[in-house]
Structures are given as structure tokens and as C-alpha cells.
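Along the sequence shown, residues carry numbers from 1. Note that this is a predicted model, so its numbers are computed, not measured. Order of listing sets the numbers, starting from 1, for every ligand and every atom in it.
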Amino acid sequence: MPDFNSIISTIHSQLDASADRGSVATYIPELAGVDEKNFGIYLNCISGESHKIGAWNKPFSIQSISKVLSLAQAFSLVGDSIWKRVDVEPSGNPFNHLSLLELENGIPRNPLINAGALVIADILVSQLDNPKEDFLDYVRNLTNDFSIQFNTKVALSEKSTGFRNYAAANLLKSFGNLNNDVETVLDFYFHQCSLEMNCEQLSNAFYFLANRGKCMRDHAFLNESQVKRINALMLTCGFYDEAGEFAFEVGLPGKSGVGGGIIALLPNQFTIATWSPGLNEKGNSHLGMQALEKFTTATQLSIF
Ligand code: GLN
């Protein structure tokens, strides 16, 4: 077994010294004030050990990382019928891009870009009695942590500037690929994106995708074939137009968010969460991407 402790602390201190930390997302006003000096890593091994360094216990906005959790819940509720409404191909485009959606008649390329996540949100709004509460409950159960919350300020802040998401939702609606009204779906979506977690909670939440569908308490949330599909989507679509780069550099299924978090995992081995709020020009955490590249290189643990 590699010496995880010394590997993650070396990576952390090397990168923490870098002058270029990327820039914090400002298009959601409430996120603009987050201190870009934060940098944490949490490694959660299936064997039971864990290793952590830096700001691993500070909560942050998980943003697009939530798209994997909403997909998991929708998948467990409606199964393969999801794929009639959303495709499974990488987009090669930024997360909020709209032109392909028009070209492809309102069928989003995949569930991890915004348009696809809006279709998943629509499915959950239709399926759940109290959509926001029930989704929050699902995430809390998955993580076995009932302190997890939405940050309503962040949700409302995004709502006030979410013009592109309004455009995407309206486009989907015009193609008949939203059953609920635009406001309701967006309200759900902005709340799911506003979920706050620290690196440990994030690594716990995603444990089931490294553990054949079973969470840390050994409850099954998805079957193995569903886990395979979600991990494949994370590998090919989890980083928007940098998904190829992430597979190339890191070689793990993963998902990023504009809050600066990244979750990545190696099936049957570990989940690893990083948080550094400065983003690169593609909207992915600048230090997080580098940390994970260094981690899989040093440990020689990747799916390849
Ligand atoms: N809530 C954000 C948005 O829709 C999520 C984007 C992201 O994290 N990449 O713009």
C-alpha cells in the first residue's frame, strides 16, 4: 500500500505554495467572496482508513457535484427510462452551453451538463412528494450525516443571476422535455446546487459509487450495473470540455463544481475529495485538478 499520508501532505504543501490558484467563480454573487486560500483533501478508503489535510473540514458549495447525486436518486426511482430524455455522450462544451440543445431537439447530451441536470430535476420534482426535502433526505442518508443543508442564500443568489439556466429550462420546455413548470424545476435545481459539504462529507456521500452501490452503512442505493453507468458518465462527462483532460491526467471517474470541489473515485478502492475554490478557465478547480493528477501518478492508482 502506498504511504497515503505522506503522499497527500507532500502534494498539499507543494501546491499550496503555488502563486497561481485560479480565480473564484463570481457569476453566482454569493460565491464570489469565498477565500481562495482554502485547500483541503480527504481520502476515504474502502478498507476503512482515511487521510486528510488542510481545509478538509470546511463546508463549501458543492454546486454541479450535486448533479451526480440527483442522477443517482432519479435512476433509482425511474430506472432506464431516464435515457429517453437525456443522452449519455460527452458534450465537449462548457457546462452552460445551449447550442447543442437546440440542434438536438431538446435532448441534452448528458445528465451532468446543466440542461441534462434540469431534466433530472424535472424527473425528481415529478417523482417526489416534497422534492427539496426528499432530495436532501436522500443525500443525508447516503452520507449518514443529518447536518447537511442547502445554503438558501446561495440558491437565491444563483436564482437572481441564473439567466442561462432560465434559458436552458425554457428551451427544454419548448421541446416538451420538461413536465413541470420552469420556475419549479429551477427552484429545485438551484437548491440542489447550493448543498454544502466539507471534503469528508463529500467523500462519504460518494462512497457508494466506489463500493458497488452500497453506502458506508452497507445499505444498497443502486445496483452494480447502475453504478457502472454513473461512473462511466463521470469519466466521460464529469468535467465538461475538460473531461478528456481529466481522464488523461488523472484517470478516474470524477465530478467538479464551480464552488471549487472535486470528487473522484477508484471502484473498490477509495473516494477522494479536494476543495480549492480558484478555478481554471474551464471552470474546474485549478489546484484540485493538479492535486489529483499528482495523487494518481504518485500512487499509481487509476482505472488505467
Ligand atoms: N449551479 C451552477 C450553474 O448552474 C453549477 C455549475 C457548476 O458547478 N459547474 O451554473
Side-chain angles (χ1 to χ4, degrees), residues 22-32 34 36 59-71 86 90-98 100-101 108-122 124 132 135-136 139 150-172 178 182-197 202 205-206 233-234 236-243 245-246 254-264 273-286 288-289:
S23 13
V24 174
T26 52
Y27 77 100
I28 301 175
E30 199 58 34
L31 295 184
V34 177
E36 64 187 28
F60 59 90
S61 195
I62 74 164
Q63 290 296 321
S64 278
I65 297 173
S66 68
K67 293 169 180 171
V68 181
L69 304 174
S70 58
L71 172 63
V86 52
S91 69
N93 277 328
F95 59 87
N96 55 9
H97 209 73
L98 295 176
L100 273 177
L101 187 58
R109 269 290 168 111
N110 66 68
L112 302 183
I113 53 171
N114 287 12
L118 289 169
V119 170
I120 301 300
D122 184 58
L124 290 178
K132 286 187 280 190
F135 173 68
L136 181 59
V139 174
F150 296 128
N151 182 327
T152 312
K153 264 188 164 175
V154 171
L156 295 179
S157 172
E158 182 168 11
K159 188 174 184 168
S160 70
T161 56
F163 307 113
R164 274 192 165 263
N165 285 318
Y166 272 91
N170 278 293
L171 210 47
L172 288 165
L178 276 198
V182 163
E183 276 301 334
T184 313
V185 174
L186 285 172
D187 180 63
F188 179 89
Y189 173 75
F190 293 141
H191 277 84
Q192 75 163 72
C193 288
S194 81
L195 271 178
E196 285 192 339
M197 291 190 195
L202 191 57
F206 276 72
L233 283 166
M234 284 203 286
T236 53
C237 313
F239 295 79
Y240 318 111
D241 44 344
E242 210 171 23
E245 180 78 11
F246 191 80
K255 184 75 199 85
S256 64
V258 292
I262 299 181
I263 182 74
T274 63
W275 175 49
S276 173
L279 308 179
N280 64 19
E281 66 292 345
K282 308 273 189 181
N284 298 315
S285 171
H286 190 57
M289 295 279 287

Any atoms of ligand 1 less than 4.0 Å from a non-hydrogen atom of [X]? List them with their elements.
X      : answer
Tyr240 : 7 (C), 9 (N)
Cys193 : 1 (N)
Asn165 : 3 (C), 4 (O), 10 (O)
Asn114 : 3 (C), 4 (O), 10 (O)

Among all the protein's non-hydrogen atoms, which is closest to [atom], and how far away is it?
atom                    : result
atom 4 (O) of ligand 1  : Tyr189 OH, 2.7 Å
atom 3 (C) of ligand 1  : Glu158 OE2, 3.0 Å
atom 10 (O) of ligand 1 : Tyr27 OH, 2.5 Å

[X] side chain vs [Y] backbone, donor-acceptor pair below 3.5 Å:
X      : Y      : answer
Ser64  : Gly257 : no
His191 : Asp187 : yes
Asn110 : Ile113 : yes
Lys67  : Leu112 : yes
Lys255 : Ile65  : no

ask   = Are Lys159 and Glu183 ion-paired here, with the side-chain N under 4.0 Å from a carboxylate O?
value = yes
The residue among His286, Glu245, Glu242 that forms side chain to side chain donor-acceptor pair (under 3.5 Å) with Asn280 is Glu242
Minimal heavy-atom distance between Ile28 and Thr161, with the atoms involved, is CA-OG1, 4.3 Å
Under a 4.0 Å heavy-atom limit, does [X] contact ligand 1 with its side chain, its backbone, both, or neither?
X      : answer
Asn96  : neither
Val258 : both
Arg164 : neither

Rounding to 0.5 Å, atoms CD1 (Ile120) and CG (Leu69) come to a distance of 12.5 Å
Of Gly257, Ala168, Ser64, the one whose closest heavy atom lies nearest atom 6 (C) of ligand 1 is Ser64
N/O to N/O below 3.5 Å, does that happen between [X] and ligand 1?
X      : result
Ser256 : no
Ile28  : no
Gln63  : yes

